[in-house]
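Notes to accompany the following structure.
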Amino acid sequence: RGLVQRGFAIELKDNLRQAHAWERRALDLLRDGRAADAVGLYARHDRITVEATEERTRERMVDDWLAAGDRDRAVMIARRRVDVAELNRLARARLRAGGEVAGPELELPGGHFALGDRVVVKRNDRRRGVDNGDRGRVLAVDREPGSLLLQVGDRQVRLDNEYLASSTSDGEPTLQHGYAITGHVAQ
């Protein structure tokens with residue numbers, strides 16, 4: 001408040017995150033409480049897809065995710081954990097069948113992990129160089145000691161059995177599949 005009164009505050013007026021003007025307009029409509037108008041804009045720009053069933057909706061999401069092509073940057077986002085789990089299962093099965101996820105698997109509390117799997121880290125560990133929400137790709141599986149080598153951003157991180165077999169403060173596995181994540185994790 002003091003900075004504003006002295007004229008030192010910076011006010012952000014222009015939204016630069018959305019690439020298209022209509023997307024910025026849709027967000028303005030949402031902020032103004034006009035959700036139906038915002039949804040209408042998305043529909044007019046062919047950005048809403050409706051399927052007949054929940055199962056078909058999840059299958060379509062996986063199809064669209066696969067078509068996007070960038071497995072390391074693209075991610076499916078769902079509200080409910082049950083939907084995230086099913087999207088992860090579907091995506092991984094498709095990638096395993098196509099050979100993009102291959103080789104021996106390491107069985108962990110968060111699932112089975114193999115070379116090529118996309119993962120999300122669920123617990124901070126500064127010593128190991130990972131933060132809750134980090135996404136990465138499995139580069140190597142060492143079943144003997146129960147460890148994984150991950151590519152996380154521009155660095156490689158080895159997660160040992162001590163970390164992988166532990167849990168978060170909420171009792172969740174420390175590593176989960178990361179093809180789909182909740183909106184909360186995405187933030």
Side-chain angles (χ1 to χ4, degrees), residues 1-51 57-58 60-62 64-88 91 110 117-139 150-159 163-164 166-187:
R1 184 172 156 193
L3 291 174
V4 170
Q5 290 173 343
R6 291 178 185 88
F8 295 119
I10 297 173
E11 182 180 356
L12 300 176
K13 294 182 179 183
D14 295 322
N15 177 342
L16 302 176
R17 279 193 176 178
Q18 281 62 42
H20 304 288
W22 73 265
E23 291 175 301
R24 291 189 289 277
R25 175 71 180 130
L27 288 179
D28 290 341
L29 290 168
L30 283 173
R31 276 191 294 277
D32 292 341
R34 298 173 53 195
D37 293 334
V39 169
L41 270 176
Y42 279 96
R44 283 192 295 282
H45 287 89
D46 200 28
R47 295 295 180 95
I48 296 176
T49 302
V50 178
E51 294 290 346
T57 299
R58 287 189 287 267
R60 174 70 182 269
M61 283 183 72
V62 172
D64 290 348
W65 176 78
L66 288 167
D70 190 344
R71 313 273 193 269
D72 292 324
R73 293 186 52 189
V75 65
M76 295 174 281
I77 299 173
R79 186 174 64 86
R80 301 181 311 163
R81 289 181 184 179
V82 66
D83 294 320
V84 166
E86 182 62 9
L87 288 166
N88 279 326
D117 263 320
R118 272 46 176 203
V119 298
V120 63
V121 174
K122 299 299 289 182
R123 191 187 83 207
N124 295 335
D125 192 314
R126 301 282 184 229
R127 185 171 59 84
R128 291 176 176 92
V130 293
D131 292 313
N132 182 17
D134 280 349
R135 292 181 57 236
R137 182 172 32 95
V138 176
L139 297 178
L150 306 180
Q151 182 75 38
V152 179
D154 60 354
R155 66 192 193 290
Q156 292 184 2
V157 177
R158 181 166 302 281
L159 296 180
Y163 178 87
L164 294 169
S166 65
S167 60
T168 68
S169 59
D170 295 331
E172 290 187 22
T174 55
L175 192 72
Q176 296 177 0
H177 290 110
Y179 306 103
I181 56 178
T182 62
H184 182 262
V185 170
Q187 293 177 12

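Note: hydrogens, waters and symmetry copies are ignored here, and every other heavy atom, side chains too, is used.
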(request) For R6, check salt bridge (Lys or Arg N to Asp or Glu O under 4.0 Å) against everything at least two apart and list the hits. (result) none
(request) Apply salt bridge (Lys or Arg N to Asp or Glu O under 4.0 Å) to R25 and list each qualifying residue two or more places apart in sequence or on a separate chain. (result) none
(message) Quick one: does any side-chain atom of R73 pair with a main-chain N or O of D70 as donor and acceptor, under 3.5 Å?
(response) no
(request) Measure from the side-chain N and O atoms of D125 to the backbone N and O of V130, and report whether any donor-acceptor pair falls under 3.5 Å. (result) no
(request) Please report the shortest heavy-atom distance between P173 and K122, naming the atom on each side. (result) O-CB, 3.4 Å
(message) With a 3.5 Å distance limit and no angle check, can you tell me whether W22 reaches the backbone of H45 through a side-chain donor-acceptor pair?
(response) no
(message) Using only atom types and a distance under 3.5 Å, with no angle test, would you say the side chain of R58 pairs donor to acceptor with the backbone of V84?
(response) no
(message) Under a 3.5 Å distance rule, please check whether D170 uses its side chain to pair with a backbone N or O of E172 as donor and acceptor.
(response) no
(request) May I ask you to decide whether R128 forms a salt bridge with D134, counting only side-chain N to carboxylate O separations under 4.0 Å? (result) no
(message) Show the nearest heavy-atom pair for residues L87 and A78, with the distance to one decimal.
(response) CD1-CB, 4.0 Å
(message) Checking the side chain of R135 only, and the main-chain atoms of V119 only, is there a donor and an acceptor separated by less than 3.5 Å?
(response) no
(request) Please tell me if the side chains of R137 and L150 come closer than 4.5 Å, counting only heavy atoms from C-beta onward. (result) no
(request) Can you see which heavy atom on W65 is nearest to which on A91, and at what distance? (result) CZ3-CB, 4.0 Å
(request) For salt bridge (Lys or Arg N to Asp or Glu O under 4.0 Å), just list the numbers for R81 and E86, CA-CA rounded to whole Å, side-chain angles, deciding distance to a tenth of an Å, and then say yes or no. (result) CA-CA 9 Å; R81 289 181 184 179; E86 182 62 9; over 6 Å; no
(request) Please answer whether the main-chain N or O of H20 pairs with a side-chain N or O of E23 as donor and acceptor at a distance below 3.5 Å. (result) yes
(request) Could you tell me whether the side chain of L41 reaches within less than 4.5 Å of the side chain of L29, counting heavy atoms only? (result) yes
Under 3.5 Å donor-acceptor pairs involving side-chain atoms of residues 179-187, not counting sequence neighbours:
residue : atom : partner : partner atom : Å
Y179    : OH   : D117    : OD1          : 2.5
Y179    : OH   : R118    : N            : 3.2
T182    : OG1  : V185    : N            : 3.1

(request) Decide yes or no on salt bridge (Lys or Arg N to Asp or Glu O under 4.0 Å) for R79 and D83, but give the supporting numbers first. (result) CA-CA 7 Å; R79 186 174 64 86; D83 294 320; over 6 Å; no
(request) For the pair T174 (side chain) and Y163 (backbone), establish whether a donor and an acceptor sit closer than 3.5 Å, ignoring hydrogens and angles. (result) yes
(message) Restricting to non-hydrogen atoms, name the atom on S166 and the atom on R123 that form the minimum distance, rounded to 0.1 Å.
(response) OG-NH1, 2.6 Å
